[in-house]
Amino acid sequence: VLRRSGNADKGDLLGHREVGTSVARRTVVVGLVVSLLFYLWIGFSKGEAFPFSTFPMYSVARLDPYIVPTQRIYGYSASGEDYIVADQNVRGRVRAMRRRIVLNEVQPAVVEAFAQELVARINAGRLTPEPVVGIRVIELRVQLRPHGDGDPLQPKVLKSSVLIDNLPPGLRPVGPVASDTGSHS
Amino acid sequence: VTVLRRAWNGFWFTPTEPYALAAARIVVALCAFRFLVGSPDRLFRVDFSTPYRAYAERDPRTYFPASFLDWFNVPPPTQTWLTLAFALAFVGSTFLLVGLATRPAAFVMSVTLLYLLAMVNSWGKINHGYHVLGIALLVLPFVRSGDAWSVDALLRRAAPRLRRAMPRRSWQYSWPVTAMQLGYALMFFFAGWNKLRTSGLDWAFSENMRNTLIYQNLLVRDWEGSSDFVKAVVSVDHMWIWYLLGAGGLFTELFFVGIVLFRRWKWVRRALLAAGVGLVVGLDQMMQLPNPVLLIMLLIFVDWNGIHHWVQGQFVRFQIRNAPTGAPVVRRAAPAMAESTALTGAGGSG
């Protein structure tokens with residue numbers, strides 16, 4: 001009634017007032033439709049356009065036998081002592097870089113720069129008991145024990161290999177961790 | 001067409017009061033602070049000189065710009081630019097929180113925060129925890145979020161000339177809240193939809209949940225921060241426990257959108273909100289995926305207009321109860337009524 005009477009911007013006695021013009025509302029409708037269609041398109045097409053996404057995290061079911069690559073990050077002090085770096089941000093970045101390494105999307109120089117940056121970050125955040133001069137990332141291929149097959153908290157290590165290694169020349173690691181393994185589980 | 005149009009208008013543009021939108025504004029500002037400064041104890045020790053230093057010091061070759069940073073070829077960040085963006089986002093968030101110069105503050109904060117959010121996602125790994133905040137930031141600059149619970153509202157009430165610009169109910173207060181809520185709910189929906197599309201019902205009704213819990217707690221976290229409850233859950237022989245956890249999570253993700261679609265069914269809304277809170281808390285406690293922003297953003301689903309009325313009603317009852325015997329209780333007329341009466345010149349009978 002208000003719109004038909006031409007008093008949309010004045011409102012009624014109860015304060016139910018239309019604010020602004022119909023142009024504003026039409027603009028909002030167009031914006032909503034475009035945004036919604038874009039969001040739905042991204043979501044259903046497995047796209048990624050921040051802040052819209054298809055949110056694919058954890059969508060692949062981990063069925064038995066579940067074999068998974070995992071990484072262990074060792075920081076080495078100047079004396080060759082090794083420390084496991086468990087910081088989640090560092091591990092997350094290593095996982096992201098690992099995907100690019102496996103897909104051959106990065107040059108060795110980039111991996112080296114990445115490793116140096118991690119060393120700086122580990123030292124800046126004091127993530128190890130003493131400063132580190134290099135890191136080594138060991139990739140482990142691990143199988144979780146299937147249901148009913150032993151202790152599920154003790155997975156089997158099937159294979160290990162060095163993923164990133166930027167130890168300074170001449171540094172001699174102390175202890176058993178050289179290129180190994182699940183020994184530091 | 002008429003029915004669809006009516007449904008569309010009813011969904012987005014049913015006139016409401018401004019309190020839910022004001023609450024959404026405050027919630028978004030709080031989430032912005034969470035992103036900018038981390039924990040609350042660091043709020044008053046913010047170092048404006050070197051925020052995000054680590055990003056500026058990263059090797060540019062490890063920079064993989066995300067989304068619009070890629071579309072517009074935005075180069076890797078420099079320390080100067082990060083400091084400026086951080087300062088503007090921080091000041092904008094502060095203004096937004098108290099509702100001072102709300103619209104410009106929302107614009108400044110949204111632009112700078114969207115840049116910072118995209119920038120931190122531009123190093124090879126995308127963190128989906130801040131996407132709902134990003135969607136809310138796309139809405140806020142275009143809406144009247146400062147019409148209630150804000151310094152702007154107080155100033156406007158004090159200045160009669162500006163009072164006319166503040167309606168009591170409007171469609172302009174309803175669609176922004178609906179848009180933010182839908183953005184959040186669709187995040188859950190697509191997460192659930194992807195699980196169904198990729199793995200089918202096996203995602204819920206298999207050993208998936210057990211293996212995922214072991215992976216998250218043992219292989220990713222080395223049991224750091226994991227509770228004994230999680231160890232017990234992965235060690236039990238009863239597979240139905242994992243089915244229950246998986247199905248509960250999947251159901252919540254897929255049907256949480258009902259909280260926006262069925263707004264008149266209050267009990268459904270409350271149940272879905274409780275399930276959403278349970279899901280976010282469960283992700284934190286069981287899968288070691290803490291996400292305070294997702295938790296705080298759930299506050300936009302609370303019926304703040306209803307709460308405002310309830311509090312107002314309690315206040316009036318308190319006034320009546322404590323009024324001196326014999327003294328007349330003066331009830332203040334609703335502002336919109338008084339205002340409309342003044343505008344139209346009508347009066348007396350109202």
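Residue numbers begin at 1 in each chain, while the letters A, B, ... track the order of the sequences.
Looking at B:Gln216, the atoms closer than 4.5 Å to chain A (heavy atoms on both sides) all sit in the side chain, from C-beta outward. Neither the backbone nor the side chain of B:Phe142 has a heavy atom closer than 4.5 Å to any heavy atom of chain A. Only the side chain of B:Trp175 comes within less than 4.5 Å of a heavy atom of chain A; its backbone N, CA, C and O stay farther away. Of the two parts of B:Leu186, the backbone and the side chain both hold a non-hydrogen atom closer than 4.5 Å to a non-hydrogen atom of chain A. For B:Leu114, the parts sitting under 4.5 Å from any heavy atom of chain A are the backbone and the side chain alike. For chain A, the nearby parts of B:Ala191 are the backbone and the side chain; heavy atoms of each come within less than 4.5 Å. Contacts between B:Arg210 and chain A at a heavy-atom distance below 4.5 Å involve the side chain alone, from C-beta outward. Contact of B:Val143 with chain A is not made at all, since no heavy-atom distance falls under 4.5 Å. Heavy-atom distances place no part of A:Ala120 under 4.5 Å from chain B, backbone and side chain included. Heavy atoms closer than 4.5 Å to chain B are found nowhere in A:Ile42, neither backbone nor side chain. With a 4.5 angstrom heavy-atom cutoff, B:Leu289 touches chain A only via side-chain atoms. Proximity to chain B is limited to the side chain of A:Met97, based on heavy atoms less than 4.5 angstrom apart. Contact annotation for A:Thr70: only side-chain heavy atoms (C-beta onward) come within less than 4.5 Å of a heavy atom of chain B.
Ranked by heavy-atom pairs shorter than 4.5 Å toward chain B, the options A:Arg93, A:Gln71, A:Arg95 are led by A:Arg93. Here A:Val28 is the residue among A:Val106, A:Val60, A:Val68, A:Val28 with the most heavy-atom pairs under 4.5 Å with chain B. When each of B:Ser206, B:Ala118, B:Gly200 is scored by its heavy-atom pairs under 4.5 Å with chain A, the top score falls to B:Ala118. The residue among B:Ile214, B:Val139, B:Asp202 with the most heavy atom pairs within less than 4.5 Å of chain A is B:Ile214. With chain B as partner, the option from A:Val111, A:Asp64, A:Val142, A:Leu144 having the largest number of non-hydrogen pairs under 4.5 angstrom is A:Asp64. In terms of heavy-atom pairs under 4.5 Å with chain B, the best-connected choice from A:Leu32, A:Val110, A:Leu40 is A:Leu32. Most heavy-atom pairs under 4.5 Å with chain B: of the set A:Pro56, A:Gly31, A:Ser35, this distinction falls to A:Pro56.
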Subject >> Check against side chain to side chain contact (heavy atoms under 4.5 Å, CB included), B:Glu57 and A:Glu117 >> reply: CA-CA 8 Å; B:Glu57 289 173 353; A:Glu117 184 194 307; over 6 Å; no
**OP:** Kindly indicate, with the supporting measurements, whether the criterion ring pair (Phe, Tyr, Trp, His ring centres under 6.0 Å) is fulfilled by B:His131 and A:Phe50.
**Re:** CA-CA 7 Å; B:His131 280 54; A:Phe50 179 85; 4.9 Å; yes
**OP:** Using the side chain to side chain contact (heavy atoms under 4.5 Å, CB included) rule, take A:Tyr58 and B:Met287 through it: C-alpha gap first, then chi angles, then the decisive distance, then the call.
**Re:** CA-CA 11 Å; A:Tyr58 301 94; B:Met287 287 181 60; 3.8 Å; yes
**OP:** Evaluate ring pair (Phe, Tyr, Trp, His ring centres under 6.0 Å) for B:Trp193 paired with A:Phe44, printing each intermediate quantity in order.
**Re:** CA-CA 9 Å; B:Trp193 170 254; A:Phe44 285 117; 5.5 Å; yes
**OP:** Begin with the C-alpha distance, continue with both residues' side-chain angles, and end with the deciding distance and a verdict on side chain to side chain contact (heavy atoms under 4.5 Å, CB included) for A:Phe52 and B:Leu138.
**Re:** CA-CA 11 Å; A:Phe52 303 108; B:Leu138 292 179; 3.8 Å; yes
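Between B:Phe188 and A:Phe55, a ring centre-to-centre spacing not shorter than 6.0 Å is recorded.
Residue-environment remark: CH2 (B:Trp240) stays at or below the threshold of 12 foreign heavy atoms within 6.0 Å. Counting heavy atoms of neighbouring residues, nucleotides and ligands inside a 6.0 Å radius, atom CG of B:Leu201 does not exceed 12 of them. Within 6.0 Å of CH2 on B:Trp8 lie more than 12 heavy atoms contributed by other residues, nucleotides or ligands.
The main-chain N or O of B:Lys195 is never found under 3.5 Å from a side-chain atom of A:Ser59 such that the two would form a donor-acceptor pair. A side-chain donor-acceptor contact under 3.5 Å links B:Asn194 to the backbone of A:Thr54.
Counting heavy atoms from C-beta on, the side chains of B:His128 and A:Ser53 come closer than 4.5 Å. Between A:Arg62 and B:Met209, every side-chain heavy-atom pair lies at or beyond the 4.5 Å cut-off. Looking at B:Asn9 and A:Arg25, their side chains come closer than 4.5 Å, going by heavy atoms from C-beta outward. At a threshold of 4.5 Å between non-hydrogen side-chain atoms, the residues A:Pro155 and B:Leu218 count as touching.
Cation-pi geometry between A:Arg100 and B:Phe64 is met: under 6.0 angstrom from the ring centre, within 45 degrees of the axis.
Pairing each heavy atom of A:Lys46 with each of B:Thr198, the nearest pair is NZ-OG1, 3.9 Å. B:Ser199 and A:Ala61 get closest at one heavy-atom pair: OG-N, 2.8 Å. Counting all heavy atoms, side chain and backbone alike, A:Ala49 lies closest to B:Ser67 at C-OG, 3.5 Å.
Between B:Phe190 and A:Tyr39, the ring planes lie tilted relative to each other; the angle falls in the 30° to 60° range.
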